[in-house]
K.L.:
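Please see the structure below; I have some questions.
Values in this document were obtained by computation on a predicted structure and should not be read as measured data.
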Protein chains: 2
Amino acid sequence: MTTQTATIKQRAKKSPPPKPYHHGDLHQEILCAACELIEENNIASLSLREIAKKVGVSHTAPYRHFKDKESLLAGIAGVGFKELAKQLADAVELHHDNPAAQLQEAAHGYVQRAMTSPHCTQLMFSGILPCDDTYPELVASGDAAFDGLKMIIEEGQAKGVFKEGDIEILALATWSGIHGLALILIGGNLPEILSISVDIRQLTNAVTTTMLEGLKAS
Amino acid sequence: MTTQTATIKQRAKKSPPPKPYHHGDLHQEILCAACELIEENNIASLSLREIAKKVGVSHTAPYRHFKDKESLLAGIAGVGFKELAKQLADAVELHHDNPAAQLQEAAHGYVQRAMTSPHCTQLMFSGILPCDDTYPELVASGDAAFDGLKMIIEEGQAKGVFKEGDIEILALATWSGIHGLALILIGGNLPEILSISVDIRQLTNAVTTTMLEGLKAS
DNA sequence: ACCTGAACACCGTTCAAGT
DNA sequence: ACCTGAACACCGTTCAAGT
């Protein structure tokens, strides 16, 4: 209470009347709360009312900031896609001039991120959200991430370490392998024998090794 | 109405009083209706009440046959896993003594089935259903399908056309590629350029070719 | 045995009303 | 501008009651 009063006084002194009246940035707070709740439970049981309660506003307040539940979900997925793009950029940066190492690193980051935010990852790729131009920034983020992958492939071809061929298709084949492993892991579909005896890094390496063998220039 | 009366008369003549009193096999009818509805709309919006209405019973009748909504979903997924196992068996049968062709055929069947029943496929792998021993027959069907894949790899190794290595891990790497492509397709995540210019068969071949290159004995 | 209808606690969404 | 509370049509689930 005291803190709040202080903040208000400070505002009155310093700046012209600020926009929000209860919260600093309800939009962002809702998004954060939703990200947390979706990982604590799962996509299906995430409710707008629960999010509102967690943030401390009425259950209709989110409608000021999101058209409906779906566009809130799109917001969450958007955060995920940006994380993905960043991870990829980091992998490229880290292993300069070594496409194979970049791919390995990117794959590991992809799987790692999926395991840290499994339900967000599910949301991003499950087809719950429409993939037409309802959420153009979502498609854009996805395409940006894919572009990163294509650039790795392209550089590998230029260096003569990856085989020639349609970049789109080679990139898709590579992504498929990594994506498949990630979704198998977070879906809990890993065959039992593997889940008890092998660690994630080993599995990721196995998949990327197979992909890299398939990509190798002959 | 007339038809119903006729059926009842027929029963009275032909057979000892049959068990059900409104429906021949409500369990099966519910499962079928659910499979249809899940593909017409999507997982999230599938409701028990809608299924009951479609079948023509009260909204509480399904509880005689399924403990709750989740176990009904598990039933749907179970059907999907059996379809998958059959598709794999067919692929093996069709290309006797040719592991590479078996793999190619199995991959195509996998992707094809996913595209025919996208929402069922989503349900099977999305992690909505628990993967512990809550639904043991589900895990069993999944493992059976994976065993089929392992046998193809094993035969390839025996014939000297696939490289040596842990069968579990090689099978996982192969499955990852196919699974990833299938989920990218049904999730609507295929990059735009590919979706307008390339057909499914071509994409499947590209992925399996990469996998097979990676599997090849050196 | 199998099914129904009322009841309960939850949803998402809309809208008039408050500050 | 931003938030609230009542209201509506939907859920899943339970349970006493009907045939």
Side-chain angles (χ1 to χ4, degrees), chain A residues 4-5 7-8 11-12 15-31 33-34 37-38 40-76 119 123 128-130 134, chain B residues 4-5 7-8 11-12 15-31 33-34 37-38 40-76 119 123 128-130 134:
Chain A
Q4 215 165 16
T5 317
T7 314
I8 289 166
R11 272 195 197 138
S15 51
K19 297 151 256 165
Y21 113 53
H22 250 143
H23 287 83
D25 189 352
L26 189 51
H27 183 99
Q28 199 56 37
E29 274 187 68
I30 287 170
L31 226 43
L37 284 172
I38 212 177
E40 281 171 32
N41 305 288
N42 64 69
I43 299 176
S45 64
L46 180 73
S47 85
L48 274 177
R49 289 167 109 107
E50 191 190 12
I51 298 167
K53 188 151 68 168
K54 175 158 181 160
V55 172
V57 292
S58 80
H59 67 271
T60 56
Y63 284 90
R64 280 298 123 190
H65 301 274
F66 299 93
K67 185 181 156 285
D68 51 20
K69 192 184 181 182
E70 191 184 87
S71 72
L72 201 171
L73 292 178
I76 302 173
H119 295 127
L123 175 62
I128 292 174
L129 298 168
T134 320
Chain B
Q4 215 165 16
T5 317
T7 314
I8 290 166
R11 270 196 198 136
S15 49
K19 297 152 257 164
Y21 110 56
H22 251 145
H23 287 83
D25 189 350
L26 189 51
H27 184 99
Q28 199 56 38
E29 273 188 69
I30 287 170
L31 225 44
L37 284 172
I38 214 178
E40 281 172 33
N41 306 289
N42 65 69
I43 299 177
S45 64
L46 179 73
S47 84
L48 274 177
R49 289 167 108 109
E50 191 190 11
I51 299 168
K53 188 151 68 167
K54 174 157 182 162
V55 173
V57 293
S58 81
H59 67 271
T60 56
Y63 284 89
R64 281 296 124 190
H65 301 274
F66 298 93
K67 185 182 156 285
D68 51 20
K69 191 184 181 182
E70 192 184 86
S71 71
L72 201 171
L73 293 177
I76 302 173
H119 295 127
L123 175 61
I128 292 175
L129 297 169
T134 319

K.L.:
With heavy-atom distances below 4.5 Å as the criterion, would you say the side chains of B/Leu26 and B/Arg64 are in contact?
P.N.:
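Counting from C-beta outward, B/Leu26 and B/Arg64 never come under 4.5 Å.
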K.L.:
For residues 43-67 of chain A, which residue pairs qualify under ring pair (Phe, Tyr, Trp, His ring centres under 6.0 Å), counting only residues two or more places apart or in two chains?
P.N.:
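Of all non-adjacent pairs touching residues 43-67 of chain A, those that pass ring pair (Phe, Tyr, Trp, His ring centres under 6.0 Å) are A/His27-A/Phe66.
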K.L.:
Expressed as a whole number of angstroms, how long is the span from A/Arg64:CZ to C/dA17:C1'?
P.N.:
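Roughly 12 Å, once rounded to whole Å.
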K.L.:
Grab the two heavy atoms, one from A/Asn42 and one from A/Ser45, that are nearest each other, plus how far apart they are.
P.N.:
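Shortest heavy-atom contact: OD1-N, 3.1 Å.
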K.L.:
Rounded to the Å, how far apart are B/Ile128 CD1 and D/dG12 P?
P.N.:
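Rounding to the nearest Å, CD1 of B/Ile128 and P of D/dG12 are 14 Å apart.
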K.L.:
How close or far is atom P of D/dG12 from atom CG of B/Leu73, stated in whole angstroms?
P.N.:
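Answer to the nearest Å: 10 Å.
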K.L.:
Name all residues meeting the side-chain hydrogen bond (donor to acceptor under 3.5 Å, both in side chains) criterion together with B/Ser47; count only those two or more places apart in sequence or in a different chain, and write none if there are none.
P.N.:
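Partners of B/Ser47 by the side-chain hydrogen bond (donor to acceptor under 3.5 Å, both in side chains) criterion come out as none, since no residue qualifies.
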K.L.:
Whole angstroms only, please: what is the CG-P distance between B/Leu72 and D/dT13?
P.N.:
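It is 10 Å, rounded to the nearest whole Å.
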K.L.:
Are side-chain heavy atoms of B/Val57 and B/Glu29 found at a separation under 4.5 Å?
P.N.:
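They are not in contact (no side-chain heavy atoms under 4.5 Å apart), so the answer is no.
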K.L.:
Going by the rule salt bridge (charged side-chain N to carboxylate O under 4.0 Å, His left out), which residues pair with A/Glu40 if we only count those two or more places apart in sequence or in a different chain?
P.N.:
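Partners of A/Glu40 by the salt bridge (charged side-chain N to carboxylate O under 4.0 Å, His left out) criterion, ordered by chain and then number, come out as A/Lys54.
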K.L.:
Show me the donor-acceptor pairs within less than 3.5 Å that the side chains of residues 67-75 of chain A make with the rest of the protein, sequence neighbours left out.
P.N.:
residue: A/Asp68; atom: OD1; partner: A/Glu70; partner atom: N; Å: 3.4
residue: A/Asp68; atom: OD1; partner: A/Ser71; partner atom: N; Å: 3.1
residue: A/Lys69; atom: NZ; partner: A/Leu46; partner atom: O; Å: 2.8
residue: A/Glu70; atom: OE1; partner: A/Tyr135; partner atom: OH; Å: 2.7
residue: A/Ser71; atom: OG; partner: A/Lys67; partner atom: N; Å: 3.2
residue: A/Ser71; atom: OG; partner: A/Asp68; partner atom: N; Å: 3.4
residue: A/Ser71; atom: OG; partner: A/Asp68; partner atom: O; Å: 3.1

K.L.:
In Å, rounded to the nearest 0.5 Å, how long is the span from CG of A/Leu37 to CD1 of A/Ile30?
P.N.:
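Taking CG in A/Leu37 and CD1 in A/Ile30, the distance rounds to 12.0 Å.
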K.L.:
Dot-bracket for DNA chain C, 5' to 3', with Watson-Crick and G-U pairs under 3.5 Å, [ ] for crossing pairs and | for other-strand pairs: what is it?
P.N.:
||.|||||...|||||.||
K.L.:
I need the CD-P distance between A/Gln28 and D/dC2, as an integer number of Å.
P.N.:
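It is 15 Å, rounded to the nearest whole Å.
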K.L.:
To the nearest 0.5 Å, how far apart are CD1 in B/Ile43 and CD1 in B/Ile38?
P.N.:
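If we round to the nearest 0.5 Å, B/Ile43:CD1 and B/Ile38:CD1 are 5.0 Å apart.
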K.L.:
Select base, sugar-phosphate, or nothing to describe what B/His27 touches, counting heavy atoms under 4.0 Å on all strands.
P.N.:
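No contact at all - B/His27 keeps every heavy atom at 4.0 Å or more from the nucleic acid.
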K.L.:
In whole angstrom, what separates B/Glu29's CD from C/dC2's C1'?
P.N.:
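Between C1' of C/dC2 and CD of B/Glu29: 14 Å.
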K.L.:
Between D/dT4, C/dT13, C/dC3, which one does the side chain of A/Tyr63 approach most closely?
P.N.:
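For A/Tyr63, the side-chain atoms sit closest to C/dT13.
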K.L.:
Between the protein and nucleotides 5-11 of chain C, which nitrogen or oxygen pairs are less than 3.5 angstrom apart?
P.N.:
residue: C/dG5; atom: O6; partner: B/Thr60; partner atom: OG1; Å: 3.2

K.L.:
May I have the distance from B/Lys67 (atom NZ) to D/dG12 (atom P), rounded to whole angstrom?
P.N.:
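Atom-to-atom, B/Lys67 to D/dG12, this comes out as 15 Å.
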K.L.:
Would you kindly give the CZ-to-C1' distance between B/Phe66 and D/dT14, to the nearest whole Å?
P.N.:
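Interatomic distance, CZ of B/Phe66 to C1' of D/dT14: 19 Å.
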